[in-house]
2 protein chains.
Amino acid sequence: MESISQTEENYLKAIYKIAERAEKPASTNAIAAAMSTSAASVTDMIKRLSEKDLVNYERYRGVTMTKTGQKIATTLIRKHRLWEVFLVEKLDFSWDEVHDIAEQLEHIQSRELITRLDEYLKFPRFDPHGDPIPDEDGVFTFRKQVLLAEMEEAEEGVIVGVHDHTSDFLQYLDRMKLTLGTEIKLVERYAYDDSIKMLLGDSKEIVISKKVSQHLFVQKK
Amino acid sequence: MESISQTEENYLKAIYKIAERAEKPASTNAIAAAMSTSAASVTDMIKRLSEKDLVNYERYRGVTMTKTGQKIATTLIRKHRLWEVFLVEKLDFSWDEVHDIAEQLEHIQSRELITRLDEYLKFPRFDPHGDPIPDEDGVFTFRKQVLLAEMEEAEEGVIVGVHDHTSDFLQYLDRMKLTLGTEIKLVERYAYDDSIKMLLGDSKEIVISKKVSQHLFVQKK
DNA sequence: AAGTATTTTTAGGTTAATCTAAAAATTTAT
DNA sequence: ATAAATTTTTAGATTAACCTAAAAATACTT
Ligand SMILES: [Mn+2]
Ligand SMILES: [Mn+2]
Ligand SMILES: [Mn+2]
Ligand SMILES: [Mn+2]
């Protein structure tokens with residue numbers, strides 16, 4: 001088993017996320033954008049990953065992942081999300097502060113460490129942003145959820161995740177008391193700009209923009 | 001402030017430990033041995049560190065650290081030891097398993113993370129091996145301690161640290177119930193091979209070799 | 001289908017961190 | 001104080017990860 005650098009790990013994670021979402025090969029440009037690097041560098045790295053059988057690559061045809069590559073990517077995602085839980089639950093960080101630190105912690109190499117961390121955190125299934133934490137085999141818990149923007153008037157549900165992970169958005173949600181677990185009921189949608197009036201818990205009513213509604217995942221009641 | 005690579009950090013820590021112990025400049029060869037690398041590589045790196053004003057370097061004269069370099073080194077040691085406490089206290093690792101993981105964790109960049117970790121661990125002053133954890137300013141708690149080998153017959157004390165951090169030694173200590181905090185009384189020293197008979201707590205008597213006695217720190221009663 | 005735009009690859013170069021082999025300086029021994 | 005041994009530095013290469021600019025392939029338009 002040859003060693004895999006942090007950079008290679010990061011590429012694999014990026015490719016996984018792109019290819020997963022699109023259900024088709026990841027393009028050089030898409031990877032370059034995700035990694036904030038040049039297309040030339042991506043081609044370079046792809047060749048190396050392909051050489052190590054971590055991705056399948058055909059010139060001009062894009063990249064897909066091998067089983068081995070997928071395993072590395074999902075393990076990395078697992079580690080990232082477990083560390084985020086640790087930072088929020090144990091060290092009392094807020095959900096908008098943990099991503100960058102987890103981005104580093106996810107590269108710590110120790111199977112045992114993750115096993116024990118998982119146990120210490122009581123085997124969480126979701127991270128602080130509501131994203132599922134894959135198990136040791138890379139299997140994600142599936143949860144039936146919709147974007148708030150897709151709900152109908154009078155429907156009720158619970159906020160379970162975010163589609164935008166920026167600090168700005170997360171801090172906005174904190175200020176609006178739109179944290180995970182909050183029960184909501186869609187009161188009215190204003191056709192003019194698709195803004196939404198909704199009920200939080202069973203007391204406060206607030207209005208949110210279309211943009212916000214497109215970045216919140218809700219589990220319907 | 002230019003960025004410092006993990007490799008540079010590791011060199012600084014190694015140089016710090018060498019120069020600290022010897023109270024004189026660290027030699028190229030000593031650094032090479034500590035880093036398991038060639039003398040040529042060390043010369044190379046030293047020049048770069050010197051360029052960044054992290055060490056003082058004169059050709060053929062060895063290396064000493066600047067204030068900035070020292071700060072980086074002690075911060076690294078602080079982080080390493082805090083993580084070791086975390087691994088043992090919270091994740092239930094044993095003291096012979098934590099070094100390699102801490103060796104990675106010490107490079108995570110986040111001031112806030114360390115502040116919170118320190119708080120979470122209740123501001124420990126010593127790590128699982130009895131080594132002092134420097135404060136934010138790089139100041140170590142000093143503790144009056146002697147090697148068990150230097151004690152006289154009939155003297156009493158408490159085991160507070162180890163001078164050898166290898167797994168083999170730590171596991172041997174576990175098996176012999178010579179863990180930190182154990183109270184001991186030196187019963188007799190056998191002149192033939194300088195082995196020592198001692199009392200553990202106030203019940204069991206055991207005999208240890210000279211070598212073992214030279215690797216255990218004791219705080220005299 | 002040809003021409004234009006876009007994407008991707010190649011070519012050639014840089015920097016950090018390493019190496020081995022050889023040269024130079026310093027230290028130790030005679 | 002010379003010679004021998006040791007330490008340290010220099011020289012020259014290599015590899016991973018990046019870059020820019022140019023060439024090649026593919027995709028989109030008319
Ligand atoms: Mn994250
Ligand atoms: Mn997350
Ligand atoms: Mn250690
Ligand atoms: Mn330690």
Side-chain angles (χ1 to χ4, degrees), chain A residues 1-15 18-19 21-22 24-65 69 72-73 76 103-104 106-107 109, chain B residues 1-15 18-19 21-22 24-65 69 72-73 76 103-104 106-107 109:
Chain A
M1 231 178 290
E2 38 202 335
S3 77
I4 291 149
S5 73
Q6 291 200 186
T7 309
E8 287 173 322
E9 284 191 333
N10 284 333
Y11 269 94
L12 289 172
K13 191 172 67 160
I15 295 167
I18 293 165
R21 194 158 308 159
K24 58 173 183 174
S27 74
T28 301
N29 262 359
I31 299 168
M35 298 295 295
S36 311
T37 189
S38 72
S41 300
V42 172
T43 303
D44 219 65
M45 176 58 85
I46 281 170
K47 283 180 188 160
R48 230 163 316 124
L49 293 175
S50 172
E51 204 50 55
K52 291 187 176 185
D53 279 314
L54 300 172
V55 300
N56 306 115
Y57 170 56
E58 259 184 289
R59 271 156 71 258
Y60 294 99
R61 280 292 105 92
V63 190
T64 59
M65 309 206 72
I72 292 166
L76 207 64
E103 208 59 35
Q104 300 177 62
E106 71 188 8
H107 297 290
Q109 303 288 6
Chain B
M1 235 177 286
E2 38 202 336
S3 77
I4 291 149
S5 72
Q6 291 199 185
T7 309
E8 287 173 323
E9 285 191 334
N10 285 333
Y11 268 95
L12 289 172
K13 191 172 67 160
I15 296 167
I18 294 165
R21 193 157 309 157
K24 57 174 181 174
S27 74
T28 301
N29 262 359
I31 299 167
M35 299 294 296
S36 312
T37 189
S38 72
S41 300
V42 171
T43 302
D44 222 64
M45 176 57 86
I46 281 170
K47 283 181 188 160
R48 231 164 315 123
L49 293 174
S50 172
E51 204 50 55
K52 291 187 177 185
D53 277 314
L54 300 171
V55 299
N56 306 115
Y57 170 57
E58 258 184 291
R59 270 155 72 258
Y60 293 99
R61 281 291 105 93
V63 190
T64 59
M65 309 207 72
I72 292 166
L76 207 63
E103 208 58 34
Q104 300 177 62
E106 70 189 8
H107 298 290
Q109 303 288 8

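Reckoned from all heavy atoms, side chains included, excluding hydrogens, waters and symmetry mates. Reminder, nothing fancy here: chain letters follow the sequence lines and each chain counts from 1.
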Original post:
Near DNA chain C, under 4.0 Å by heavy atom, which residues of residues 47-55 of chain A?
Top reply: A:K47
Subject >> A:S41, nearest nucleotide to its side chain (from D:dC19, C:dT26, C:dT18) >> reply: D:dC19
**OP:** Starting from the C-alpha separation in whole Å, work towards a yes-or-no answer on side-chain contact (heavy atoms from CB on, under 4.5 Å) for A:I72 and A:M65.
**Re:** CA-CA 10 Å; A:I72 292 166; A:M65 309 206 72; over 6 Å; no
Original post:
Quick one: is A:S38 getting a side-chain N or O under 4.0 Å of the D:dC18 phosphate, OP1 or OP2?
Top reply: no
Original post:
Any side-chain heavy atom of B:T37 sitting closer than 4.5 Å to one from B:Y11?
Top reply: yes
Subject >> 5' precedence on DNA chain D between A:R61 and A:M45 (nearest-nucleotide basis) >> reply: A:M45
**OP:** State, yes or no, whether a side-chain contact exists between A:Y57 and A:T28 at a heavy-atom distance under 4.5 Å.
**Re:** no
**OP:** Name the closest nucleotide to the A:R59 side chain, picking from C:dT26, C:dT10, C:dC19.
**Re:** C:dT10
Original post:
Looking at the side chain of A:A40, which of D:dA25, C:dT10, D:dT8 is the nearest nucleotide?
Top reply: C:dT10
Subject >> Side-chain N or O of B:Y11 closer than 4.0 Å to phosphate OP1/OP2 of C:dA16 >> reply: no
**OP:** State, with a plain yes or no, whether a side-chain heavy atom of A:M35 is found less than 4.5 Å away from one of A:M45.
**Re:** no
Original post:
If we only count heavy atoms from C-beta on, is the B:L54 to B:I15 side-chain gap below 4.5 Å?
Top reply: no
Original post:
From D:dA17, C:dT18, D:dC19, pick the nucleotide closest to the side chain of A:T37?
Top reply: D:dC19
Subject >> D:dT8 phosphate, OP1 or OP2, under 4.0 Å from B:T43 side-chain N/O >> reply: no
Original post:
So does A:N29 get a side-chain nitrogen or oxygen closer than 4.0 Å to the phosphate oxygens (OP1/OP2) of C:dT8?
Top reply: yes
Original post:
Any side-chain heavy-atom pair from A:V63 and A:L49 closer than 4.5 angstrom?
Top reply: no
Original post:
So, is A:T28 near the phosphate of C:dT7, with a side-chain N or O under 4.0 Å from OP1 or OP2?
Top reply: no
Subject >> Side-chain N,O (A:Y57) to OP1/OP2 (C:dT9) below 4.0 Å >> reply: yes
Original post:
Should A:K52 and A:E8 be marked as a side-chain contact (heavy atoms from CB on, under 4.5 Å) after you check the CA-CA gap, both sets of side-chain angles, and the distance that decides it?
Top reply: CA-CA 11 Å; A:K52 291 187 176 185; A:E8 287 173 322; 3.0 Å; yes
